[in-house]
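Let me begin by presenting the structure, written as structure tokens, before commenting on it.
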2 protein chains.
Amino acid sequence: MKKVRLEDIATKMGVSKTLVSMVLNGYGDKNGIKKETQEKVIAFTRELNYKPNQVARSLRLGRSNTIGLIVADISNAFYAKMARNIEDECNKYGYNLIICSSDEKDAKEASLIRMLKDKQVDGLIISSTLVDNTEIKLMKHDNFPFVLVDRYFPEIPDTNYVVIDNYKSSFKAVKYLIDNGHVNIAMLSISPPHLTSVKDRNKGYFDAIKKGNVNTDHYLHCQIPFEDIEQSVEFYIEKLIKYNQKVTAILTVNQNIALACLKSLKKFKIRIPEDISLITFDDLPVFELLSPSITTISQPLDLISKNAVSILMDEISHKNTRKAKDQIVVPSYFQLRESCKQL
Amino acid sequence: MKKVRLEDIATKMGVSKTLVSMVLNGYGDKNGIKKETQEKVIAFTRELNYKPNQVARSLRLGRSNTIGLIVADISNAFYAKMARNIEDECNKYGYNLIICSSDEKDAKEASLIRMLKDKQVDGLIISSTLVDNTEIKLMKHDNFPFVLVDRYFPEIPDTNYVVIDNYKSSFKAVKYLIDNGHVNIAMLSISPPHLTSVKDRNKGYFDAIKKGNVNTDHYLHCQIPFEDIEQSVEFYIEKLIKYNQKVTAILTVNQNIALACLKSLKKFKIRIPEDISLITFDDLPVFELLSPSITTISQPLDLISKNAVSILMDEISHKNTRKAKDQIVVPSYFQLRESCKQL
DNA sequence: ATGAAAGCGCTAACAG
DNA sequence: CTGTTAGCGCTTTCAT
């Protein structure tokens with residue numbers, strides 16, 4: 001495992017490291033190095049299969065051409081797809097991506113942020129799960145380039161973020177149910193509810209049922225604890241539907257809760273859409289395949305990724321001069337399928 | 001964004017960098033540095049919020065405490081879950097994980113391997129998609145630590161790998177169908193078929209139908225091109241089932257084909273298990289939720305991850321002395337559900 | 001048109 | 001018990 005270094009190829013050619021470095025970085029012409037010499041360098045490089053040591057390069061340059069992505073849960077298809085999209089975008093700009101998963105844990109996310117900064121990534125894209133936003137504030141204070149996706153912090157002004165309009169999306173979905181005659185509409189949301197995405201989705205729901213003049217009893221809104229989705233969903237499904245025949249429609253706040261919901265409904269032999277109508281946030285390939293297929297509020301991952309990376313690149317190249325931060329709201333898509341019944 | 005360096009804290013304290021470095025790396029006692037001094041160093045470090053520059057550290061030490069993972073497709077739930085498992089395992093050993101997705105593309109995988117080596121990762125875990133295995137041979141030749149998962153190269157002897165027994169798993173599934181009276185059993189496999197996992201699954205299928213004395217016509221075995229799964233599956237479903245009423249059971253080689261298969265069956269209004277029985281490789285949470293739920297051959301991701309990381313760690317710490325390579329076959333799990341009918 | 005040398009931040013052999 | 005110093009592999013200023 002004898003690594004070949006810049007020096008090896010320089011001495012073997014009888015020139016200096018400087019020259020080789022210049023040529024390899026495309027500054028050959030700029031420094032007036034003979035075409036002939038340049039070609040020879042390239043040839044040697046290829047022959048010896050020389051690969052610059054990126055660590056040494058990073059140390060010298062103070063940048064790594066790598067950006068970090070922290071998602072809440074990589075085993076969730078939504079984030080996995082996003083990760084792949086973002087990776088592709090980064091590659092277009094010549095950047096590599098390091099993907100990490102915080103598993104919705106505050107401490108892990110904070111430590112990942114530190115770890116990635118220590119590894120000298122040039123910027124960060126984060127779907128944050130943090131209650132304690134110290135690390136975010138710190139990055140902001142240090143002018144460290146970062147973009148939030150999916151979730152943001154209203155209490156920290158002037159940060160870059162890319163999100164969908166959760167409020168409107170939620171409102172629209174619930175309004176659709178109301179327009180189809182539903183009066184007792186439950187929402188299975190998640191707790192802790194400090195995430196803006198969740199808060200906005202909740203608010204959209206509440207405003208829609210108020211405005212729609214339908215049942216606004218607070219028991220219709222359920223908070224599922226993140227650590228115990230399956231059991232809790234089952235509890236609420238049993239309570240809301242089995243013992244309370246009134247509820248005819250459910251909005252779930254994300255795909256994991258939707259899946260748990262499907263499982264419980266199946267267990268209790270409650271039929272969709274005959275007994276209950278269902279709409280969920282986040283689209284999964286399989287939602288289309290189920291019988292009935294599931295109506296979803298789908299997020300444009302490509303747009304989110306493209307915007308996030310483009311903002312980050314801008315941020316990186318104008319680190320200290322870029323004053324205005326981008327706060328982008330991309331449209332969500334209401335994907336109507338078979339899981340809702342008209343009453 | 002003023003970075004605080006080792007030197008800053010050394011001068012501010014009036015000691016040398018060496019001392020600080022020793023203390024911070026836990027060699028304080030070993031070098032007989034006064035408890036008092038050590039505490040002071042720690043205190044200063046914390047106060048100034050000092051974080052060692054990992055890039056400098058990597059350069060100096062020649063290792064990065066980072067390992068790289070290349071999966072065939074991060075947006076595939078199977079690999080996403082595996083990624084998360086492996087990340088957890090790595091963390092236990094104090095290593096960080098960089099996750100990359102080759103998207104089943106030869107060129108991308110090769111370039112990822114190079115990229116990660118350039119970034120000085122200490123080892124690699126790869127679910128390889130390579131036809132051209134030059135990069136693998138190169139790593140082997142260079143004694144670079146790596147472990148293959150999910151797929152391996154029979155033509156390269158003495159490499160570490162962790163896989164399930166694809167042959168047996170496949171054989172068993174088909175035998176189950178035969179035992180339940182099925183005589184015309186199709187397999188939807190994938191092409192190109194150079195991956196060992198696919199080859200072994202195919203062989204298991206063929207041997208089982210031969211031994212079971214059922215229909216062995218070659219048209220029952222279909223090769224779905226990777227780039228065009230949906231259309232191709234639809235084509236075969238139509239051909240095999242709609243126009244050939246004999247086929248009563250299907251084995252699909254992975255979850256993506258299973259999903260496409262479900263989609264087509266739905267489209268043609270072919271019912272599971274009444275009209276057709278289905279078994280697939282790889283388990284998805286949703287397979288349990290479908291009506292009927294889908295019988296699967298499920299891989300023990302936790303075991304695969306644990307073994308792969310543990311082997312890699314061993315490989316890293318005994319880089320040049322470790323002669324024997326580990327070739328681990330972990331058991332798969334036949335998850336019987338409702339998608340198979342007894343004839 | 002090319003090279004010498006400094007230095008990025010850290011660790012570790014060696015000196016004291 | 002603590003400090004000096006060399007050097008990991010690269011880029012870049014300044015000389016020539």
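Throughout, protein chains are lettered first and strands after them, A, B, ... in sequence-line order, and every chain is numbered starting at 1. Scope of the values below: all heavy atoms of this structure, side chains included, with no hydrogens, waters or symmetry mates.
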Check your understanding: Within this structure, what is the CZ-to-P distance between Arg60(B) and dC10(D), rounded to whole angstrom?
Key -> 16 Å

Exercise for review: Would you jot down, in residue-number order, the residues of residues 32-59 of chain A having a non-hydrogen atom under 4.0 Å from DNA chain D?
Suggested key: Tyr50(A), Pro52(A), Asn53(A), Ala56(A), Arg57(A)

Review point. Between Lys108(A) and Asp103(A), is a salt bridge (charged side-chain N to carboxylate O under 4.0 Å, His left out) present by the stated rule, with each step listed?
Key: CA-CA 8 Å; Lys108(A) 190 165 176 204; Asp103(A) 304 348; 3.2 Å; yes

Review point. Just how far, in rounded Å, is P of dG3(C) from CD of Glu7(A)?
Key: 13 Å

Exercise for review: For DNA chain D, find the residues of residues 9-25 of chain B with a heavy-atom distance under 4.0 Å and give them by number; none if there aren't any.
Suggested key: Gly14(B), Val15(B), Ser16(B), Thr18(B), Leu19(B)

Check your understanding: Taking the side chain as C-beta and beyond, is there a heavy-atom pair between Ser127(A) and Ile70(A) under 4.5 Å?
Key -> no

Point to revise | Sugar-phosphate, base or nothing in reach of Leu61(A), heavy atoms under 4.0 Å | key: sugar-phosphate

Check your understanding: Can you tell which of Glu315(B), Lys140(B), Gln327(B) makes a side-chain hydrogen bond (donor to acceptor under 3.5 Å, both in side chains) with Asn160(B)?
Key -> Glu315(B)

Exercise for review: Find out whether Val309(B) and Ile86(B) are in side-chain contact, i.e. whether some heavy atom of one side chain is under 4.5 Å from a heavy atom of the other.
Suggested key: yes

Study note, to complete from the structure: CG of Asn65(A) to CG of Asp122(A), rounded to nearest 0.5 Å, is 6.0 Å

Point to revise | Verdict with reasoning, Glu104(A) to Arg151(A), per salt bridge (charged side-chain N to carboxylate O under 4.0 Å, His left out) | key: CA-CA 12 Å; Glu104(A) 303 272 9; Arg151(A) 309 152 173 196; 3.3 Å; yes

Check your understanding: Which of these, Ile67(B), Asn85(B), Ile98(B), Asn96(B), sits in a side chain to side chain contact (heavy atoms under 4.5 Å, CB included) with Cys90(B)?
Key -> Ile67(B)

Check your understanding: What bend angle does the helix from dA1(C)-dT16(D) to dG16(C)-dC1(D) show across its length, from five-pair end axes and to the nearest 10 degrees?
Key -> 50°

Practice item. Provide, to the nearest angstrom, the distance between the CD atom belonging to Gln120(B) and the P atom belonging to dC10(C). Key: 18 Å

Exercise for review: Nearest whole angstrom, please: distance from the P of dC10(D) to the CG of Asn65(A).
Suggested key: 16 Å

Revision key, fill the gap. Taken to the nearest whole Å, CG/Leu6(A) to P/dG3(C) is 12 Å

Review point. With a 4.5 Å heavy-atom cut-off, do Tyr152(B) and Ser197(B) have their side chains touching?
Key: no

Exercise for review: In plain terms, say whether Arg84(A) and Glu87(A) are close enough for a salt bridge, that is, a side-chain N and a carboxylate O under 4.0 Å apart.
Suggested key: no

Review point. Quick one: Arg5(A) CZ to dG7(D) P, roughly how many Å, whole number?
Key: 12 Å

Review point. Considering only heavy atoms from C-beta outward, does the side chain of Tyr50(B) approach that of Asp8(B) to under 4.5 Å?
Key: no

Revision key, fill the gap. Here the distance between atom C1' of dG9(D) and atom NZ of Lys119(B), to the nearest Å, is 15 Å

Exercise for review: Determine whether Leu97(A) and Glu89(A) make a side-chain contact, defined as any pair of heavy atoms from C-beta on separated by less than 4.5 Å.
Suggested key: no

